[in-house]
Amino acid sequence: MTMQIADSVSLSSPEAKARAHAAAARNNLRTEPKAVRIAIITLAILFLSVFVVLPLVLVFAQAFSKGILAYFDALAEPEALAAIKLTLLVAAISVVLNLVFGLVAAWAIAKFEFRGKTFLITLIDLPFSVSPVISGLVFVLLFGAQGYFGGWLRDHDIQILFAVPGIALATTFVTFPFVARALIPLMQEQGTQEEEAAISLGASGLQTFFRVTLPNIKWGVLYGVLLCNARAMGEFGAVSVVSGHIRGETNTMPLLVEILYNEYQFVAAFAIASLLAMLALITLIAKTILERHLDEGHDVNDH
Amino acid sequence: MTIEVKNLVKKFGSFAALDGVDLKVNDGELLALLGPSGSGKTTLLRIIAGLDWPDSGEVAFNGEDALAQGARERHVGFVFQHYALFRHMSVFENVAFGLRVQPRAVRKDDATIRARVKELLDLVQLDWLADRYPSQLSGGQRQRIALARALAIEPRILLLDEPFGALDAKVRKELRKWLRSLHHEIHVTSIFVTHDQEEALEVANRVVVMDKGRIEQIGSPDDVYETPATAFVHGFIGESIELPIQVEGGVIRLGDRPLRLVADELAPGASKLFVRRHDMLVGPPGSGAFEGAVQHVRNFGPVQRAEVALSGGETIEIDAPRDRELRAGDTISLEPRRYRIFAGT
């Protein structure tokens, strides 16, 4: 009771007013005036709606513009089914290859010191810095009829360009950095001490990898695989150059979307596009979940 | 298990981490490798463990060449400064790891492994933490688990790299005592690395003092404290006063002042004189080897620490008993009860 009285007294005292004023001034330092805040937030929301949400909604609106039956008919077309199958196959091949390459590269870079390490790190980033069209052209130069291995391949009756191997190669090249990029900083941060501990406890190299290293980086691996997969399914430029656009055979989903669109088959084009958009949404959600796990994985032993 | 290290050399680029190290570790002893950072002590430990390889030299366990074996075959327990517990495994699984990865032919059955882990957790007094994860433990608990994990494989040798370096002072003191009594109990040949002299002197049977990739002195804790073999050891262990002096014609000079100290059998030239802070006895002016004026006095429990400007140019800190209070401005004389002189600068 006395406390309350004392409180109310002190609140009205000039000293308390000064204190309240100081607190308000402190708050002002940390944040903008209300009007500015509202303006900035509105601007951000507007921008996001026009450039991100609206296109996404439009894709689905167009896909369903002739009704749900037309949508599923478009997806059931043999050409569409072939494209979906090819896309899944190519994505599976490049994800598996890049998982292995990425693990090996990240392992080498994070756990060992060797000459040319910086160069190797730069090289891993090359597919990101080169235009996908050029990545595709490289394979045409290598395996095309006029290319370095063209003659040899023709003699042995091996088809790489305008066939699944070419598409898989181009996709693998373009998506190479994802797994390695996701793992290198993670593995560097975790250091080599746990592996050293495992080996001094008598574990073999393989036991160390499967029991210590892999469990520590599993979320990072999943993260890299997820992004790698999303890009592999969505890749257009590099695949466009090497595919040859043979209908029902070498068209992936992004290529088919373009072809159908150019032929004014909007429902069919957007139906396929909606599948890719859905993949993007799933990827985003999975990515958010994985990032939470990745944060948990940090800073366990040290500090 | 004895360990013998002969003429070990290890270079990182142009930096010699180990520059010709010879060391013999007796069976069952607890040896401390003491030195400042960069002295090569951790490198030496890692080479003994098989986690690093020397450029040249020999390492033998019980007379057998250890360098012919990898870390996996050496059967050495290693405890890391930052614990290196497996972060995704429970405490129980961490300790069980070394037993579970054994080749199938010699691996114990699950019940035996469980019993052994339980026994080890009891030994480090943390059996109640078996189901926790490393991130849920305090630093001191993590290090004890790391020790239990290393002991699980019944190592021939136990190596500890700055085992208490990452812990706060109070926990460190507790764990020191605990490590000594644990060693008393299990008696495995152990080497631990530290830069903390108090830790080395308190825990170890023998102390190896290292600097710049070389061994400066090997001896009992009393030896290295009471009779330091080199200027480095005297300066590194215990709180020492270090004075640059000149020896000429049987006289020791500090700056331009001759000191009342015996200079027989000393090589002429620039040398260094070392005295422990508490070995400087205070007397009335004219009674001791040094003359000086008191600048500052601070009290630390039973002693008073005085900053004294010596006539001759140096300012030193001494620890004097508080039976005779010193005051700033006093002119006093100082007589070293014990001192050592090392040639060179």
Side-chain angles (χ1 to χ4, degrees), chain A residues 103 106-108 110-118 182-183 185-224 289-303, chain B residues 12-13 45-46 48-52 69-89 93-104 106-107 133-137 139 142-143 145-161 166:
Chain A
L103 268 174
W107 171 272
K111 310 270 176 183
F112 299 97
E113 291 300 327
F114 53 89
R115 206 179 293 207
K117 190 161 149 174
T118 336
L183 292 183
L186 187 67
M187 288 170 98
Q188 272 176 338
E189 187 198 296
Q190 290 179 347
T192 51
Q193 285 212 331
E194 285 182 51
E195 279 85 2
E196 285 180 350
I199 285 171
S200 78
L201 288 168
S204 66
L206 277 181
Q207 281 173 323
T208 305
F209 180 77
F210 283 108
R211 287 172 183 246
V212 176
T213 309
L214 203 56
N216 276 345
I217 58 169
K218 63 180 176 213
W219 297 114
V221 171
L222 276 177
Y223 186 81
I289 296 171
L290 284 181
E291 273 168 356
R292 205 170 302 152
H293 279 291
L294 272 175
D295 286 343
E296 278 169 15
H298 289 179
D299 298 334
V300 171
N301 254 320
D302 241 307
H303 314 293
Chain B
F12 295 107
L45 198 74
R46 289 175 58 86
I48 294 172
L51 298 172
D52 249 325
Q69 299 175 318
R72 195 185 166 205
E73 291 88 36
R74 285 195 206 176
H75 236 74
V76 165
F78 200 97
V79 175
F80 295 81
Q81 177 176 8
H82 294 289
Y83 329 121
L85 292 176
F86 305 126
R87 64 191 84 191
H88 62 281
M89 290 182 205
E93 285 304 320
N94 261 284
V95 178
F97 185 88
L99 302 170
R100 293 211 199 276
V101 295
Q102 282 182 329
R104 195 153 303 172
V106 291
R107 196 188 306 157
Y133 282 83
S135 58
Q136 298 166 305
L137 308 185
R142 286 183 206 182
Q143 199 55 293
I145 296 300
L147 196 58
R149 180 179 70 176
L151 291 173
I153 58 169
E154 290 172 38
R156 303 188 293 174
I157 297 163
L158 186 61
L159 304 174
L160 306 102
D161 182 13

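Proteins get letters first, then strands, A, B, ... in listed order; numbering begins at 1 in each.
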Look up atom [atom1] in [X] and atom [atom2] in [Y], then write down how far apart they are to the nearest 0.5 Å.
X: A:Leu214; Y: B:His88; atom1: CG; atom2: NE2; answer: 9.0 Å
X: B:Arg46; Y: A:Ser200; atom1: CZ; atom2: OG; answer: 10.0 Å
X: B:Arg100; Y: A:Arg211; atom1: CZ; atom2: CZ; answer: 8.0 Å
X: B:Phe86; Y: A:Gln193; atom1: CZ; atom2: CD; answer: 11.0 Å

Worksheet item: Heavy-atom distance under 4.5 Å to chain B: side chain of A:Gln207, backbone, both or neither?
Response: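 It is the side chain, since no backbone atom gets that close.
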
Worksheet item: A:Thr208 versus chain B, heavy atoms under 4.5 Å apart: side chain, backbone, both or neither?
Response: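 No part of A:Thr208 comes within 4.5 Å of chain B.
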
Locate the shortest heavy-atom distance separating [X] from [Y]; write the atom from each residue and the value.
X: A:Ala197; Y: B:Arg149; answer: CB-NH2, 3.4 Å
X: B:Val101; Y: A:Leu201; answer: CG2-O, 3.9 Å
X: B:Phe80; Y: A:Glu196; answer: CE2-OE1, 3.4 Å

Worksheet item: Relative to chain A, which segment of B:Ala150 carries a heavy atom at a distance below 4.5 Å: side chain, backbone, both, or neither?
Response: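 The answer is the backbone of B:Ala150.
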
